[in-house]
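Just below is one structure, and these are the notes that go with it.
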Amino acid sequence: MDSNLVIYNTLTRTKEKFEPVNPPLVGLYVCGPTVYSDVHLGNCRTFVSFDLIYRYLLHLGYKVRYVRNITDAGHLEGDMDEGDDKFAKKAKLEQLEPMEIVQKYTIGFHDVMRLFNALPPGIEPTATGHIIEQIEMIKQIIANGYAYEVEGTVYFDVEKYCREYNYTILTNRQLDDLLENTRELGGQNEKRGRLDFALWLKAKPEHIMRWPSPWGVGFPGWHIECSAMSSKYLGDSFDIHGGGMDLAATHHTNEIAQSQACNQVQPAKYWMHTNMLTVNGARMSKSKGNGFLPGELFTGNHELLSRGFSPMSVRFFMLQAHYRSTLDFSNEALEASDKGFKRLMNAYGLLEKLIASPVSQMNIDDLSRRCYDAMNDDFNSPVLIAELFEAVHLINSIYDGKLSATQSDIDNLKKLMDSFVLDVLGLKEETTQTDDLAKLMDFIIGLRSEAKFNKDYATSDKIRIGLNSLGIQLKDNKENVTTWNRV
RNA sequence: GGUCGGGUGGCCGAGUGGCUAGGCAGAGGUCUGCAAAACCUUUUACACCGGUUCGAAUCCGGUCCUGACCUCCA
């Protein structure tokens, strides 16, 4: 397994050659969603980005174990505990079983991921399903001297940890500054240090999700689940840990501290962070109220949208930007991507219809190499897509008879498009053409050709315009061969 | 305030010390009974001010603007 893949590592803030711990095995852990409400499009972008990464690693021949957790505890509890509206809180507590919420939004999340054609992870562990592992890990951290218990709550001792490790390795912040500028968290009077965070929290009487532990009845802290589950399924030290950039400063920083304190090793060799999806330049988030739900996008039921956009067009839109760049979301940008996507897929469809000639006027190997170069450069999908449009241009020109290609050229083009469009980018035709429809269309096109041959243009136009209003577009090429596609 | 990013043509977005991605939109043309598609040609760029250099939008310094994180959030 010798690839030229280079990955930007947040730990070092540089691009590094990718060298797995145990090739050809690759362990990939990605922080998944907290399932207490619908995932919005910004969440989806991260998972589509890591789907691209997963797919490309598979394409290169790595045997990838992809673990993406479902957070169904901790955050959820925190969310319910806060806020001033005690009435609402009570209603929530009385009317809904937390696991009902978890189930509902987990299913919704999976449905959306399927629409985006994201490959499911190999393991999708839940926090509530790994309480024992989390407790064991906390016990080990205490035994190692990096955590302490106060009144049923266990805190991580950041100050102690800092004496031996670099706590802010991911973000490069200064500790003094952190101490001065961090907001007061709960439990200040019982914590030893201001930056100490909870590994295990004592449950208040009204708390529904609770488990017994050596420290009494309680529930796990916000960060321990990922440490416990990643080491369980990928080992104490694995290859890639990923998530959204917003997680780096707190969640991942604490995750590294916990894993180091427990296992004395840096949990992941490469830390990858995806950037945010923005709306009018500002981050899409629930608290800002500017989040798009996938459903609103697909139906077009949103004030900023002129119409609905298909999941594949949206996926293509996301892949046209690099995963480490912010991507600005707008109706106009989506329109552009939608057309580009259709152009790409239309050319893909023409591959079957190309006619070979003895002369070659192109170098597919060179194009293929450029595609690999793009992806090897930290998964640069926008450059890959630019190269694929070169392939589109070749395919269209061959189809038009303006360029000649040998059968070998055509085979290689097909292979290139299959690999990169379908396997790596994970794009697919959205409308399945049933055999019945294909036969029917052949028949109708035949009727129209007859009419055209007889110069009965009234009839042929009636067919063309009629089909167009049904969403089917006819295209006559120079040889008067008619093809069709949905619009 | 601290940390880390950005500012690229009408829009979205790559990239690089000289050969100026790509998609969409705009303009002209070819083809076509028409239309669409396709193909060809083409108009708009690298925030501002200095510096380094034979040469910078790309490197360095400064200025302005802007985003994310520092509090649950992908």
Side-chain angles (χ1 to χ4, degrees), chain A residues 10 13 30-34 36-37 39-50 71 74-76 78-79 82 168 170-174 176-178 180-185 222 242-251 253 273-278 281-288 291 316-317 320-322 324-341 343-344 346-347 350 374 377 380-390 392-393 395-397 399-403 452 455 457 460-461 464-465 468 473-478 480 483-485 487:
Chain A
T10 311
R13 280 164 284 276
V30 174
C31 291
T34 305
Y36 68 100
S37 64
V39 287
H40 62 68
L41 211 61
N43 305 126
C44 295
R45 186 195 178 194
T46 291
F47 303 126
V48 166
S49 293
F50 281 106
T71 296
H75 296 192
L76 186 66
D79 210 53
E82 284 171 16
T168 55
L170 265 185
T171 52
N172 214 24
R173 288 167 303 169
Q174 300 300 309
D176 295 348
D177 174 63
L178 264 185
E180 280 171 34
N181 292 296
T182 302
R183 200 184 74 163
E184 291 258 335
L185 292 170
W222 294 327
M245 274 184 187
D246 51 344
L247 298 181
T250 43
H251 183 57
T253 290
H273 290 98
T274 58
N275 215 322
M276 301 292 105
L277 189 62
T278 61
R283 173 187 172 189
M284 187 181 285
S285 73
K286 281 171 199 164
S287 51
K288 284 204 176 98
F316 182 75
F317 163 72
Q320 271 191 304
H322 189 257
R324 278 191 290 115
S325 301
T326 54
L327 172 60
D328 202 53
F329 178 91
S330 69
N331 191 72
E332 206 176 352
L334 279 172
E335 285 285 3
S337 288
D338 182 60
K339 293 203 174 158
F341 170 66
R343 180 171 152 85
L344 180 68
N346 190 51
L350 287 178
D377 183 15
N380 198 327
S381 56
V383 170
L384 168 65
I385 288 171
E387 300 296 353
L388 290 176
F389 274 106
E390 171 68 18
V392 167
H393 175 255
I395 292 166
N396 286 333
S397 296
Y399 183 72
D400 274 3
K402 292 190 166 106
L403 275 176
K452 278 175 69 178
K455 298 208 187 297
Y457 295 125
S460 72
D461 285 355
R464 176 173 57 76
I465 293 162
N468 202 47
Q473 185 176 74
L474 296 183
K475 291 178 285 193
D476 303 329
N477 78 350
K478 234 188 274 185
N480 248 325
T483 55
W484 63 278
N485 61 276
V487 288

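Throughout, protein chains are lettered first and strands after them, A, B, ... in sequence-line order, and every chain is numbered starting at 1.
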Remember a base hit wins even if backbone is also touched, and classify [X] as base, sugar-phosphate or nothing at under 4.0 Å, heavy atoms.
X	answer
A/Ala336	base
A/Asp338	nothing
A/Met245	nothing
A/Gly281	sugar-phosphate
A/Ser460	base
A/Tyr457	base
A/Arg343	sugar-phosphate
A/His273	nothing
A/Leu388	nothing
A/Glu335	nothing
A/Ser285	base

With no angle test and no hydrogens, is the base of [N] tied to the side chain of [X] by a donor-acceptor pair under 3.5 Å?
X	N	value
A/Asn43	B/A74	yes
A/Asp476	B/C34	yes
A/Arg464	B/C34	yes
A/Asp461	B/G33	yes

If the [atom1] atom of [N] is compared with that of [M], how far apart are they to the nearest Å?
N	M	atom1	value
B/G2	B/G62	P	14 Å
B/U53	B/U43	C1'	32 Å
B/A57	B/G6	C1'	15 Å
B/G50	B/G55	P	16 Å
B/A27	B/G9	C1'	15 Å
B/G26	B/A14	P	24 Å
B/G15	B/G29	C1'	31 Å
B/G13	B/G18	P	25 Å

(request) Over 60° means perpendicular and under 30° means parallel, so classify the ring planes of A/Phe316 and A/Phe341, tilted if in between. (result)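 Judged by the thresholds at 30° and 60°, the geometry between A/Phe341 and A/Phe316 is tilted.
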(request) Indicate whether OP1 or OP2 belonging to B/C40 is found under 4.0 Å from a side-chain N or O atom of A/His393. (result)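 For B/C40, OP1 or OP2 has a side-chain N or O of A/His393 closer than 4.0 Å.
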(message) Nearest 0.5 angstrom please: A/Ser49 OG to A/His273 NE2, how far?
(response)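 It is 13.0 Å, given to the nearest 0.5 Å.
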(request) Return the value, rounded to whole Å, for the distance between atom NZ of A/Lys402 and atom P of B/U41. (result)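 So the two atoms are 11 Å apart, to the nearest Å.
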(request) Give the rounded distance in Å between these two atoms: CG of A/Leu474 and C1' of B/C34. (result)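 My rounded result for the distance is 13 Å.
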(message) Is it the case that the side chain of A/Thr278 and the backbone of A/Met284 share a donor-acceptor pair, with hydrogens and angles ignored and the cut-off at 3.5 Å?
(response)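 No.
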(request) Determine, answering yes or no, if A/Tyr399 is stacked on B/A38 under the 5.5 Å centre rule and the 30° plane rule. (result)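 A/Tyr399 vs B/A38: stacking no.
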(request) Using a 4.5 Å cut-off on heavy atoms from C-beta on, say whether the side chain of A/Thr274 contacts that of A/Arg45. (result)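 Sidechains of A/Thr274 and A/Arg45: no contact.
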